[in-house]
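Below: the structure, in structure tokens.
Small disclaimer: the values here were computed from a predicted structure and weren't measured.
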Amino acid sequence: QLMKPTLQKYIACLLLTGPLMVWGQTNAWESYYSYNNISVGTVSNQTIVTAAENALLLFDSSQGTAETITTIEGLSGDNISALATYENVILVGHENGLLAQIDINTKKIIFESGITRSNIISAEKKQINHIQLVANSAYVATGFGIVEVNPETLEFGDTYYFGPTSSSIEVNQVFVFENALYAATKQGLFKTPQTNLNKLEFSSWDKLAAGNWAFLWAQDNSLYAVKDEGSSLSFFQLGNTVQKKATFPGVLKNVSPHENGVLITVSNRVYDTDKSFVRTQTIGDLDGVKPNTFNFTISLNDQKWIGTSSEGLIRYANDTDFDLISPQGPLLNSIFDIEHLQDELWIAHGDYNLFYNPYPLEKYGLSSYIDKQWENIPNNQLFNADSFVRTVAHPTEIGTLYACSYHGGIVAIEDNTPVALWDQTNSGLESLTFEGPNYVSIRVRDALVDDNGNLWSITGYVQKGLKKRSPSGQWTGYDLSDAVLDYTQEAGYSNLELYNNKILFFGGVNSGLIGVDISQSPPQMKRIMGGDMGLPSDDIRSIRLDKDNRLWVGTRDGLAVLYAPNRFFEEDTQLRSVVISDGGNLRELLSGQFISDIEVDGNNQKWISTTSSGVFLISPDGSQILHHFTKENSPLPTSSVKTIGINEVSGKVYFGTLNGMVSFQGDAYAESESLSDANVFPNPVRPNFLGNVVIRGLQQKTRVKITDIAGNLVYDTTSQGGSISWNLRSFSGARVRSGVYLIFITSKDGLDSAVKKLMVIN
């Protein structure tokens, strides 16, 4: 038996944490979540309320309109495992034990994180499996027992542990019927009177039956329960005895009673039965819907609403009359790589782990976002290649892309249509060989096209891992033995960067920074390794050339910069760390951080993502941290950020994680060919505006002077790229007065200029 002192300490822990209000959001952020995997659903009046992993989809069946609630509105970003509704409130339970209360009308969100924060419950047992609302209480079924919660205040009450001392039983559902508490658990069906003064003690509950009991519900004054038999499910009526009523085949997903009977959802079927469990309808394979992906079914307004893990929410009338309700989005939330190509956003949904192992192989494809429309290319249209980790555009052949697979080679795409798979049978690409002749795995990490139209690619675990494909289709392999310590240990490389169409840079997992002078024949190669040479780690994960031709190098243990890439092959070439002032103390920028991606925006600022600390925006020279976004202070669904994409035209910065993608409206923009294209926004500046004025359409090293109408200088700066930001403060630090201001813009060489006006109203 569980000792009461331990129980009391746990309840105190829950109560002390208290409800937490979410931080306020701004319109600078947007979300791009996938709504293809709808796992949980319920009904609120005429609205179908569903969970798509870590976001909510609300479909108003009376109006035919859909609404989403995501991290932008304040959701935590953690996966959702249970839903319940009352009046205009949604209770949301998460896999990590977090409980949220959402007002549908105001979108106000309050969190209760007591279970999440408790250190006496193991992480795998914190999941909220079900929320049962009864009068003014909510019973929360978890992996360790049952927790009572006030649904209005989220104040925790009693906690019921299931299982003898030092063990626990997972509770799938709790139900109140005729003044008794019932618990459907993984190890049996239990019951106790609500008036039982000792009901906190597990031993005081009666065990009605053994087995894995999944669902409980009441219908026509009778109580029913479902037992999960693995490949089948059995239905029982509970009374003085437990009476078996019916058995159905399939892997149990959900049971939902309705006015005339019961909807039974298994992975590949939906059974509609009457109240005696006699089948009245069976829904099987639906055209265009991936088999074995059903999660639940709800009945509302003489229609069925089916949640699936592949096509999202389905409104079903009959086998030939059904609609896909989920809004557009990427194929899935697992975002491995983002590439912004011209006016298109491309996402690769593959994966490899910390050690560049692509297993288990991801059978997913690519997603593109073009003209605010999502177009998805599934794996079966990409020659069934596995684990795509990169999409690269041809710089001059518009519409030509190359998708790098970390198991299958390279897929060539023309006008959004895959046209060829290059592998070991029809190209110069090679499979790793040390697993034997029958094992084929071509692990292409990245590719790029040089100024001559040659396609360069880098492959892991291959001696001639650097490949070149000429515009005529001729392949050439280059032996990396002079640069790589041991190719059989080089599981993967960073991305490729090309300096001055001459030196190809990339990082190894063991071999540090590698440079290949492709202008020579044969190419000259060199590596730089070790702390003495300025590298925090020889395991390099991301590199990027900035607008000043400095090479920023991200490793698994920090950041370094190669300030003169043109001198890479000289003997004394070293990298340098970036030193910043932190509260008067000097320290190395991002020391100890695992750097996953580095991108350069239109103002030569660096966006740097990490695997545990979110995203940093760094000033052009690295001396200042301008922004630091984490899960706690932004709509990021997690602080582990995999990839970054930048649209220099719009200034949007996209952050990809394995839990979804969001964007932030930055203030850096692409350079303009003519300063006559310069514009100022907002203009006019209206009262109560607290942001920065952005002047865009500039060029690198553009001089910008701002004066009042009398000619008094209030601001003077030089752009680092295509735009500058002004905080509306003069040299004195005070906000400028209301009035008209003149903006004088002059190019670096003085041959181009423009004058713009700005109205400020305080």
Task: Non-neighbouring partners of Asp60 that pass salt bridge (Lys or Arg N to Asp or Glu O under 4.0 Å), sequence neighbours left out - done: none
Open item on the list: So, using side-chain contact (heavy atoms from CB on, under 4.5 Å) as the criterion, who are the partners of Ala348 when residues are at least two apart?
Closed with: Asp337, Leu366, Phe388, Thr391
Donor-acceptor pair between [X] and [Y] side chains, under 3.5 angstrom:
X: Asp351; Y: Ser387; result: no
X: Ser81; Y: Gln127; result: no
X: Asn692; Y: Ser725; result: no
X: Ser596; Y: Thr611; result: no

Is the backbone of [Y] close enough, under 3.5 Å, to the side chain of [X] for a donor and an acceptor to pair up by distance?
X: Ser405; Y: Asp386; value: yes
X: Thr116; Y: Asn96; value: yes
X: Gln624; Y: Ser619; value: no
X: Lys126; Y: Ser118; value: yes
X: Asn495; Y: Ile543; value: yes
X: His94; Y: Ala100; value: no
X: Asn727; Y: Gly691; value: no
X: Ser34; Y: Pro330; value: yes
X: Arg696; Y: Tyr669; value: no
X: Thr643; Y: Ile338; value: yes

TODO: I would like to know whether Thr265 and Asn295 meet side chain to side chain contact (heavy atoms under 4.5 Å, CB included); could you show each step before the answer?
DONE: CA-CA 7 Å; Thr265 305; Asn295 281 328; 6.0 Å; no
Atom pair [atom1]/[atom2] of [X] and [Y] - distance to nearest 0.5 Å:
X: Ile608; Y: Asp597; atom1: CD1; atom2: CG; answer: 9.5 Å
X: Leu617; Y: Asn603; atom1: CG; atom2: CG; answer: 9.5 Å
X: Leu313; Y: Arg315; atom1: CG; atom2: CZ; answer: 9.0 Å
X: Ser368; Y: Leu331; atom1: OG; atom2: CG; answer: 9.5 Å
X: Leu332; Y: Ser309; atom1: CG; atom2: OG; answer: 11.5 Å
X: Leu91; Y: Gln101; atom1: CG; atom2: CD; answer: 6.5 Å

Open item on the list: Exactly one of Ile695, Val694, Ile724, Val693 should register a side-chain contact (heavy atoms from CB on, under 4.5 Å) with Asp667. Which one does?
Closed with: Val694
- [ ] From the options Val49, Asn254, Leu83, select the one residue that forms a side-chain contact (heavy atoms from CB on, under 4.5 Å) with Val40.
- [x] Leu83
For the residue pair [X] and [Y], does the interplanar ring angle fall in the parallel (under 30°), tilted (30 to 60°) or perpendicular (over 60°) class?
X: Tyr359; Y: His407; result: perpendicular
X: Trp29; Y: Phe629; result: perpendicular
X: Tyr32; Y: Tyr654; result: tilted
X: Phe655; Y: Trp607; result: tilted
X: Phe59; Y: Trp305; result: tilted

[X] and [Y]: which non-hydrogen atoms are nearest, and at how many Å?
X: Ala55; Y: Ile80; answer: O-CD1, 3.9 Å
X: Gly74; Y: Ile109; answer: C-CD1, 3.6 Å
X: Ala52; Y: Tyr35; answer: CB-CD2, 3.7 Å
X: Lys363; Y: Asn384; answer: NZ-O, 4.0 Å
X: Ser256; Y: Ile298; answer: OG-CA, 4.3 Å
X: Ser267; Y: Lys253; answer: N-CG, 3.8 Å

Is [Y] close to [X] at the side-chain level, that is, under 4.5 Å between some pair of heavy atoms?
X: Glu375; Y: Ile377; answer: no
X: Lys652; Y: His340; answer: no
X: Thr610; Y: Phe616; answer: yes
X: Leu263; Y: Val270; answer: yes
X: Leu345; Y: Asn647; answer: no
X: Leu56; Y: Ile102; answer: yes
X: Leu354; Y: Arg541; answer: yes
X: Asp546; Y: Pro620; answer: no

Open item on the list: What verdict does the side chain to side chain contact (heavy atoms under 4.5 Å, CB included) test give for Tyr352 and Asn357, after you've listed the backbone C-alpha separation in whole Å, the side-chain angles of each residue and the deciding distance to 0.1 Å?
Closed with: CA-CA 5 Å; Tyr352 50 67; Asn357 184 351; 5.7 Å; no
Task: Evaluation steps, side chain to side chain contact (heavy atoms under 4.5 Å, CB included), between Ile370 and Asn416 - done: CA-CA 11 Å; Ile370 305 170; Asn416 295 343; 3.9 Å; yes
More than 12 foreign heavy atoms under 6.0 Å from [atom1] of [X]: is that the case here?
X: Asn105; atom1: CG; answer: yes
X: Lys290; atom1: NZ; answer: no
X: Asn353; atom1: CG; answer: yes
X: Asp287; atom1: CG; answer: no
X: Asp343; atom1: CG; answer: no

Task: Residue from Asn659, Asn333, Thr71 passing side-chain hydrogen bond (donor to acceptor under 3.5 Å, both in side chains) with Tyr33 - done: Thr71
Open item on the list: Tell me whether Glu599 is salt-bridged to Arg544, with the criterion being a basic N under 4.0 Å from an acidic carboxylate O.
Closed with: yes
Open item on the list: What I want to find out is whether Asp446 reaches Arg390 closely enough, with some N-O distance under 4.0 Å, to be called a salt bridge.
Closed with: yes
Open item on the list: Would Leu75 and Asn54 count as a side chain to side chain contact (heavy atoms under 4.5 Å, CB included) here? Give the steps.
Closed with: CA-CA 8 Å; Leu75 282 185; Asn54 56 1; over 6 Å; no
